[in-house]
Amino acid sequence: MSSVREKVLEQYSSRVYKNRKEHVIAIGEHEKDVVTANTRAIPGIITQRGCCFAGCKGVVLGPIKDAAIIVHGPIGCAYYSWGTRRHKAVADEKNGEKADCYLEYCFSTDMQESDIVFGGEKKLKKAIEEVVGLIHPKCIFICSTCPVGLIGDDIHAVAKWAQEEYEIKCIAFSCEGYKGVSQSAGHHIANNQLIRYIIGTGDHQPEKKYSVNVLGEYNIGGDGWEVEKILKRCGIEVVSVFTGSGSYRDIKNAHTASLNLVQCHRSINYVADMMKDKYGMDWIKVNFIGIESCKKSLRDIGEYFGDEELKARIEAVIADEEDAIRDEVEYYESKLKGKTAALYVGGSRSHHYQLLLKDFGISTVLAGYEFAHRDDYEGREVIPDIKPDADSKNIESIEVEADPKFYRVYMTDEQKAALEEKGVKINYYEGMFKGMDEGAIICDDLNHFETEEFMKILKPDIFFSGIKDKFVAQKSGMLSRQLHSYDYSGPYAGFRGAVNFGRDLVMGLYTPAWSYVKAPWKDTPCIEGTLGGDEAC
Amino acid sequence: MSSVREKVLEQYSSRVYKNRKEHVIAIGEHEKDVVTANTRAIPGIITQRGCCFAGCKGVVLGPIKDAAIIVHGPIGCAYYSWGTRRHKAVADEKNGEKADCYLEYCFSTDMQESDIVFGGEKKLKKAIEEVVGLIHPKCIFICSTCPVGLIGDDIHAVAKWAQEEYEIKCIAFSCEGYKGVSQSAGHHIANNQLIRYIIGTGDHQPEKKYSVNVLGEYNIGGDGWEVEKILKRCGIEVVSVFTGSGSYRDIKNAHTASLNLVQCHRSINYVADMMKDKYGMDWIKVNFIGIESCKKSLRDIGEYFGDEELKARIEAVIADEEDAIRDEVEYYESKLKGKTAALYVGGSRSHHYQLLLKDFGISTVLAGYEFAHRDDYEGREVIPDIKPDADSKNIESIEVEADPKFYRVYMTDEQKAALEEKGVKINYYEGMFKGMDEGAIICDDLNHFETEEFMKILKPDIFFSGIKDKFVAQKSGMLSRQLHSYDYSGPYAGFRGAVNFGRDLVMGLYTPAWSYVKAPWKDTPCIEGTLGGDEAC
Amino acid sequence: MLDYTPKEITERKAIVINPAKTCQPVGAMYAALGVHNCLPHSHGSQGCCAFHRMFLTRHFKDPAMASSSSFTEGASVFGGGSNLKTAVKNIFDLYHPEMIAVHTTCLSETIGDDLNALIIDMDIPDGKYVVHCNTPSYKGSHVTGFTNMVSGFIKYLAKKGTEPNGKVCIMPGFVNPGDMREYKKLANALKVPITMLPDTSGVMDSPMTGKYEMYPKGGTLIDDIKELGGCIKTVALGVQTSEPSAEVLRKQCGVEYVSMPLPMGVEATDNFIMELQKISKEEVPYEIEEERGQLIDIMIDIHPYTYGKKVAIFGDPDTVLGIASFALELGMIPKYMVTGTPGAAFETAGKALLEKFGVEDCTVKAEGDLFLLHQWIKNEKVDLIIGGTHGKTIARAEDIPLVRMGFPIIDRYIHSYMPLTGYRGAMRMAELIASALMDYQDSHCEEKDVEVVM
Amino acid sequence: MLDYTPKEITERKAIVINPAKTCQPVGAMYAALGVHNCLPHSHGSQGCCAFHRMFLTRHFKDPAMASSSSFTEGASVFGGGSNLKTAVKNIFDLYHPEMIAVHTTCLSETIGDDLNALIIDMDIPDGKYVVHCNTPSYKGSHVTGFTNMVSGFIKYLAKKGTEPNGKVCIMPGFVNPGDMREYKKLANALKVPITMLPDTSGVMDSPMTGKYEMYPKGGTLIDDIKELGGCIKTVALGVQTSEPSAEVLRKQCGVEYVSMPLPMGVEATDNFIMELQKISKEEVPYEIEEERGQLIDIMIDIHPYTYGKKVAIFGDPDTVLGIASFALELGMIPKYMVTGTPGAAFETAGKALLEKFGVEDCTVKAEGDLFLLHQWIKNEKVDLIIGGTHGKTIARAEDIPLVRMGFPIIDRYIHSYMPLTGYRGAMRMAELIASALMDYQDSHCEEKDVEVVM
């Protein structure tokens with residue numbers, strides 16, 4: 001087992017080896033599966049990681065449709081995060097309140113050299129004035145990029161000014177790219193400001209008895225809409241989504257829901273945690289990716305609320321949804337069973353998709369996260385053991401207190417214990433490791449070199465990752481599917497999504513082009529009998 | 001003057017010379033401009049002419065939208081005449097009666113070898129049965145192609161059978177390609193059957209006081225609709241159009257109109273003539289191509305009806321239409337004035353378009369017809385002098401008698417004389433020659449050789465013809481515009497059409513591509529000073 | 001659009017509606033234009049010649065020169081011999097071709113003119129040629145006419161016992177000049193000297209020079225046709241179109257042939273390349289391997305847009321098979337394959353393709369028409385239609401994208417310059433297909449589903 | 001779509017909305033990928049490198065490999081020197097490039113890292129190279145970054161007094177691999193030996209072989225860059241993109257240059273050809289003349305569809321000028337020409353083009369954005385939009401066809417293989433433009449106006 005891991009790592013120089021050996025493990029090799037995570041990438045080692053800005057603006061804030069997000073910095077960062085992440089959204093009206101959708105727009109202060117030299121605050125103010133004049137948003141976010149932190153523009157003061165000047169919500173996010181070690185720092189920064197300035201500022205109460213927020217669901221390829229559709233069928237009201245097709249309009253009322261559902265643990269657990277402290281709301285980790293996961297998640301919600309009628313409705317919905325997809329799933333399973341996969345994505349998908357793959361009989365031989373923390377691998381029980389380092393200390397961690405007006409206790413400890421017995425764990429995430437097969441390779445911050453080497457040895461049938469390494473795998477003759485963008489397909493969540501996923505894999509594996517990779521003359525000597533020659537050409 | 005003509009003709013062998021010299025004249029060269037026309041093309045000489053089938057099915061019958069036209073013959077003739085002639089049409093309802101539009105359909109009996117050997121009547125009957133079953137037309141035309149005449153299928157008997165069997169109108173046209181010397185024979189055959197079997201079979205009376213048929217208007221590029229629009233504005237009802245966007249539904253009522261307007265004299269004068277004999281209706285030659293022609297035509301109609309209110313309305317319409325186009329016409333005229341043109345089209349357009357060209361200050365240096373008769377060149381006064389030859393004798397010429405029920409006298413001889421004095425000639429066409437400049441070349445059945453040679457000498461700025469010679473002219477660096485299809489533009493009729501025409505010419509003459517025809521290195525020796533060489537390359 | 005086409009399909013035995021073929025002579029005319037200094041001649045009523053020239057010109061947007069025997073009723077009664085004789089004399093006098101290539105029409109065929117006898121009987125100037133082929137319009141289709149004209153050239157000109165010339169005879173099939181250029185590029189890359197008959201490149205895609213040339217630079221040289229008997233082998237591209245002519249050359253001069261599908265898509269091009277390679281015994285040069293590798297790369301890249309998509313393909317038999325073959329390689333389902341040209345070979349070959357790719361529930365039909373195709377589509381829709389211009393009304397009526405490939409395309413420009421054959425041609429097909437499907441997605445999806453990245 | 005864009009245009013001084021440019025480093029990265037065995041390196045936060053690789057990959061659908069100094073907050077405070085040192089060591093150890101091409105970012109520029117000093121201070125293995133250029137994101141655009149990287153290669157590698165090698169240095173401008181292949185084809189046809197810097201063909205359009213190569217076959221050879229000083233002349237294609245680098249080479253090694261627009265359309269390609277011809281003193285071969293003649297033929301053929309049509313063109317300055325130049329040659333009116341890249345030269349050159357063709361009432365704008373372009377279009381509509389993917393929302397909002405040309409095109413495939421330059425590229429442009437306009441006519445006209453022949 002260890003030989004696979006060693007074969008790859010031993011090619012490193014000793015310094016790199018020392019670093020990477022802690023990030024790469026084989027499940028079951030040691031008594032306890034421990035991984036080092038959320039530490040700096042090694043300079044020069046080709047990581048797939050992005051930066052703090054990408055995590056804050058790109059991931060968490062980007063999908064909030066009714067916020068005009070002004071990127072304060074040179075043009076690039078705004079440009080790259082413009083419309084390319086497939087967090088779908090659409091303007092809508094809810095409870096008589098409209099939420100615009102600005103996602104087709106990219107706002108940048110396009111800082112020039114003089115702004116770097118003389119400071120960019122004035123330009124930022126003017127930019128806000130212009131945006132307000134043009135599109136009249138109710139909410140503006142300011143996201144800073146690298147140079148802004150260095151030159152010391154006080155974007156928070158500007159936000160405060162704008163809020164007063166224009167009587168709108170305006171929040172600043174100091175999410176310079178160099179902060180932290182990956183996108184993760186940006187999630188944290190975004191989460192902090194949401195809890196500080198938005199959640200709890202609305203006062204619209206849910207209409208239904210059972211209401212939830214869906215946290216860490218970014219509506220990539222319409223996943224969130226699929227999830228909302230299912231919850232609705234079960235009779236559960238979704239108060240807000242963080243943040244896929246989400247809105248300032250809804251998030252401000254998030255505290256009025258009864259339960260938080262956490263889909264992507266890594267990017268949003270701060271909000272779940274802080275809402276627990278501030279409003280007393282429990283959260284449960286859900287996973288709407290995969291048929292079995294989806295069923296378990298829905299049943300957990302039923303158990304949490306403990307209402308038999310609700311539970312019955314959930315069962316009915318499950319039965320109906322499963323009926324509708326059974327034939328297709330069976331067909332795709334017959335084409336996929338026994339295949340192997342490697343996954344290298346974000347901070348939760350590498351876990352979630354293993355379960356969907358299992359639904360189709362595909363096993364995972366390697367999995368890794370781009371920007372996860374140890375708890376995403378090992379489970380939240382490891383949190384007390386995680387030692388902060390210089391990089392993580394730089395990211396503000398805020399403490400919230402119980403809100404005097406809204407704090408409620410939703411469940412007694414006894415009830416919680418009873419729930420646990422039923423297998424429903426409150427305010428807990430078990431991490432990726434627990435469900436994985438012995439011998440599977442784990443690679444935190446999998447880099448290009450390791451990708452190439454592990455793929456050579458493990459030869460998975462499918463490599464799931466992002467756009468940067470997709471074509472690397474593909475060039476070597478391996479099906480590669482993007483799990484950030486779903487290769488512009490989707491939704492993959494829920495029951496119907498599972499079918500889409502199966503269809504896409506089957507299509508990828510069975511597309512005839514693979515059989516043409518090698519030119520036939522590479523095999524066939526071109527000897528022509530009739531011309532009597534023996535020479536090959 | 002004659003030298004141009006001679007320079008071209010003298011290159012022929014004596015036999016060909018003898019034939020062609022009668023077809024090619026220079027206006028004013030002789031005391032009387034006489035041309036030989038409507039005679040056989042010389043085998044091997046590349047003529048642009050088509051055949052009898054093209055004239056019958058392609059030109060006259062093709063536009064009749066509610067007739068399902070079954071081409072009885074091998075597949076080609078149906079195929080080539082399918083949707084390619086731009087006689088636009090649209091299904092419509094009139095007086096509570098619908099006229100379908102089958103122009104997107106091509107019906108062929110696709111005769112096979114066995115049909116040739118054993119006869120095709122059975123197949124034709126079956127074909128009718130199938131068409132009736134599929135699209136339920138009220139009217140079917142059968143058009144025969146070359147072999148049908150040779151093998152002796154009696155399509156007229158089949159038509160009769162179908163008419164009885166299915167209680168629909170069914171008419172056969174023996175328009176085999178080898179009949180006559182050009183499309184002209186086909187026009188005649190079509191005209192004969194229309195008068196025999198359709199005109200006069202309807203009984204719907206016009207609603208308005210002044211009503212007309214528009215004859216020889218095929219709605220190429222929407223010309224007919226433009227004409228109808230203008231007539232309508234003047235308060236004149238159009239009972240039927242022969243045959244652009246025309247219909248069996250309307251043509252059967254044609255005899256109820258008060259006046260026939262003849263646009264294309266060549267293709268339809270038989271109908272006009274026979275209706276005069278049968279119903280007493282007068283016809284006047286109109287020309288809605290060209291601004292001045294259009295005005296004259298409208299005023300002639302006003303004069304014919306002699307109603308002051310109508311005349312006033314016509315003047316108002318003219319003023320209004322002219323106002324709307326004045327600026328554009330002036331602009332285009334400024335770009336076109338002084339240019340020269342050669343025209344070689346059909347049997348009337350070469351005349352009509354000279355007048356439109358004149359509106360823009362363009363003079364005509366050569367004009368010819370593909371399939372005209374002498375009267376189209378010299379005026380109807382020459383008809384008594386035209387001697388029938390073997391080919392023309394083969395085309396049935398029918399005599400009609402005054403219809404006992406519908407014959408009326410519309411105008412006394414006195415009234416006619418008064419009209420003549422005002423310049424309105426009844427039942428008369430003056431031909432192309434009378435308006436032409438001295439020295440202009442006339443070429444009946446202009447062939448490829450003559451085209452090349454005359455263009456080399458005359459160097460017109462624009463060559464108007466059809467698709468077959470368009471690119472010949474263009475390759476030699478000359479703007480070439482199709483006057484059969486308007487190069488898929490139009491309408492060119494009426495006031496608005498004149499503007500379209502001007503626009504298209506300006507665009508063609510001024511398109512920058514002409515200036516790139518010669519590669520610059522053909523002129524510029526590639527001597528590079530710095531390298532000290534004197535050699536050109 | 002096409003509002004009178006009923007969904008319900010009833011058997012038709014007599015009427016063809018909206019045909020997917022036309023008649024033989026136009027194919028013969030096209031083939032004859034592919035011989036240098038040759039003037040095609042239509043022996044029949046002048047309308048045929050006019051129609052065919054019109055049609056070819058509309059497809060190529062270049063002059064299609066041809067002459068006619070200009071039959072009148074008299075000729076139809078007494079035979080067209082004297083018309084032809086006059087015509088030939090006038091043509092050599094006036095238009096100075098090196099050769100006149102006569103094809104017949106349904107008219108002269110029905111009359112029974114014996115072209116062999118007529119031509120033997122003629123005074124043909126020294127160094128000039130008159131050849132002919134029979135192209136009765138009531139048999140086969142324009143594709144058959146193309147084949148017959150090619151065979152006609154061979155019958156008249158190719159000689160048995162010609163000195164071996166080390167060349168390969170390529171019969172291109174009924175394709176565009178752009179394709180013929182692509183063949184020459186590939187043969188050249190593989191160092192295989194060829195004679196291609198016919199070769200319309202340089203004729204029907206001739207450059208603008210400001211000077212009209214009745215006989216442009218392109219076309220197979222008559223001398224090369226005369227030496228076809230000295231070829232090592234014939235590579236007949238497009239089985240239905242080219243094999244009969246290859247067989248004529250074999251019988252007449254003993255040149256063996258290999259007959260293969262048009263080199264459209266990966267495998268068919270591979271086979272063509274390997275056939276050439278067998279002859280030259282040269283390594284396939286890197287530039288060709290690279291093109292091939294780029295094509296495969298592209299095919300894998302676009303598979304999410306093509307895989308499983310249903311396509312209706314209509315046109316000429318070899319072309320439809322070639323497109324279908326590439327469509328299958330792209331993972332598409334060629335739901336309907338229709339040619340108007342008769343011939344059971346089409347259906348057999350089409351079904352063999354489907355079987356090879358394990359694709360079921362598709363229909364392959366020779367002697368079909370577009371009315372029937374439209375009815376099928378009404379009953380089970382497709383994602384894409386591939387064919388010539390005449391598919392546009394169906395495409396609009398059913399709101400299905402149309403990719404224009406094949407013959408005739410009379411409502412677009414430039415296509416005839418662009419190969420669909422070879423790896424380069426497959427890249428073009430891939431781009432046309434993928435873009436059509438993606439354009440459709442972009443224009444038909446809801447606003448919220450418009451994708452910036454695809 | 002884009003529902004919040006008001007028609008009324010108000011002056012903006014601070015906010016850019018929907019930019020038509022991005023930042024320097026991505027251009028530098030693209031340029032560096034065009035050198036064989038070279039790994040681009042981004043000196044800054046790792047997010048930059050991730051964004052740029054993502055972006056290039058989306059355009060080319062091929063891997064874009066590059067490494068990063070992976071700054072953290074510490075590096076931002078204390079400088080990135082040690083990060084770079086570690087990075088270079090690790091890169092040579094693990095990825096074995098022959099050269100590392102470092103570009104800076106707004107982060108390292110704001111900190112003030114002195115790359116010259118850092119590189120001089122480094123242990124670079126024998127036979128290996130580390131070069132750099134400064135690409136502050138707050139100046140210029142991705143085009144500037146491309147230029148700067150090319151200049152960087154020259155500064156580090158080209159030597160004065162190199163033996164004359166009879167070659168011409170071609171600087172290709174910010175174009176696709178397909179264009180670079182076209183340049184090579186033309187130079188080859190004119191028998192001009194060249195070094196092209198950079199050359200991304202064979203790198204960003206590499207074939208599928210089943211084996212991933214971190215350094216594919218393509219790219220300018222380092223040895224050739226070192227010998228640039230021996231070139232006869234530099235032909236700098238794309239004035240704004242290439243002239244600065246040509247000037248660097250001139251200053252450094254005395255190689256004179258001629259700077260000209262991208263060879264897009266007739267005249268610009270003519271000029272490129274003649275420039276090559278001046279050097280080789282070879283006749284322009286017939287195959288090139290023929291291509292040219294075919295292009296002119298096509299342009300005349302399609303003029304009824306293009307003449308007088310208004311087009312909005314956006315993208316990179318040289319590309320927009322090249323497209324506009326061809327559009328004018330087609331008789332079109334380039335109503336709006338917009339680049340996000342700053343530089344008065346763009347506006348001057350654009351206006352000169354308009355004047356040359358006598359076209360009035362058009363707007364040329366550098367440092368513009370797509371929000372403004374959309375507002376203009378709302379005030380006066382165009383018939384066509386030409387630009388990259390980001391034009392698609394405007395196209396859909398206003399129901400105007402979009403022809404994709406330039407950078408970036410991230411929602412279509414295959415485009416990067418297909419040249420827009422040279423006569424062949426102009427044929428492609430002509431086909432894309434004509435087809436877009438004709439498709440629009442076909443889909444937007446009334447049923448009765450659907451044309452079978454066009």
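Just so it is clear: chains get the letters A, B, ... in the order the sequence lines come, proteins before strands, and each one is counted from 1. Note that these values count all heavy atoms, side chains included, but never hydrogens, waters or copies made by symmetry. As the structure is a computational prediction, the values presented were derived from the model and not from experiment.
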Handout entry: Side chain, backbone, both or neither of D:V453 within contact of chain B (heavy atoms, under 4.5 Å)
Key = both
Practice task
Answer with yes or no whether the side chains of B:D504 and B:Y332 bring together a donor and an acceptor at under 3.5 Å.
Solution key: no
Problem - Among the listed options D:T306, D:D301, D:L328, D:V450, the residue most often paired with chain B at heavy-atom distances under 4.5 Å - result: D:D301
Practice task
May I ask you to decide whether B:R503 forms a salt bridge with B:E328, counting only side-chain N to carboxylate O separations under 4.0 Å?
Solution key: no
Problem - Check: B:E217 main-chain N/O paired with B:D223 side-chain donor or acceptor under 3.5 Å - result: no
Fill in the blank from the handout: Cut-off 4.5 Å, heavy atoms of chain B, and the answer for D:N271 is neither
Handout entry: Proximity breakdown for B:Y510 and chain D, heavy-atom pairs closer than 4.5 Å
Key = both
Problem - Region of B:A89 in contact with chain D, defined by heavy-atom distances below 4.5 Å - result: backbone
Practice task
Examine B:R481 relative to B:Y486 and say whether NZ or CZ is less than 6.0 Å from the centre of the six-membered ring and inside a 45° cone about the ring axis.
Solution key: no
Handout entry: Under 4.5 Å from any heavy atom of chain B - which part of D:E451
Key = side chain
Problem - Side chain / backbone / both / neither for B:K518 at chain D, heavy atoms under 4.5 Å - result: backbone
Problem - Parallel, tilted or perpendicular: ring planes of B:Y105 versus B:Y102, cut at 30 and 60 degrees - result: perpendicular
Practice task
Answer with yes or no after comparing the ring centroid distance for B:F463 and B:Y344 against a 6.0 Å cut-off, counting only values under it.
Solution key: no
Exercise for the section: Heavy atoms only, distances under 4.5 angstrom: which of D:E289, D:E447, D:M299 has the most pairs with chain B? Name it, please. Expected result: D:E289
Problem - Part of D:L330 within contact of chain B (heavy atom distance under 4.5 Å) - result: backbone
Completion exercise
Turns out that what part of B:L103 lies under 4.5 Å from chain D's heavy atoms comes down to neither
Handout entry: Salt bridge B:D92-B:K98, side-chain N to carboxylate O under 4.0 Å
Key = no
Practice task
Could you tell me whether the side chains of D:K167 and D:T195 share a donor-acceptor contact shorter than 3.5 Å?
Solution key: yes
Problem - Structural part of D:F326 lying under 4.5 Å from a heavy atom of chain B - result: neither
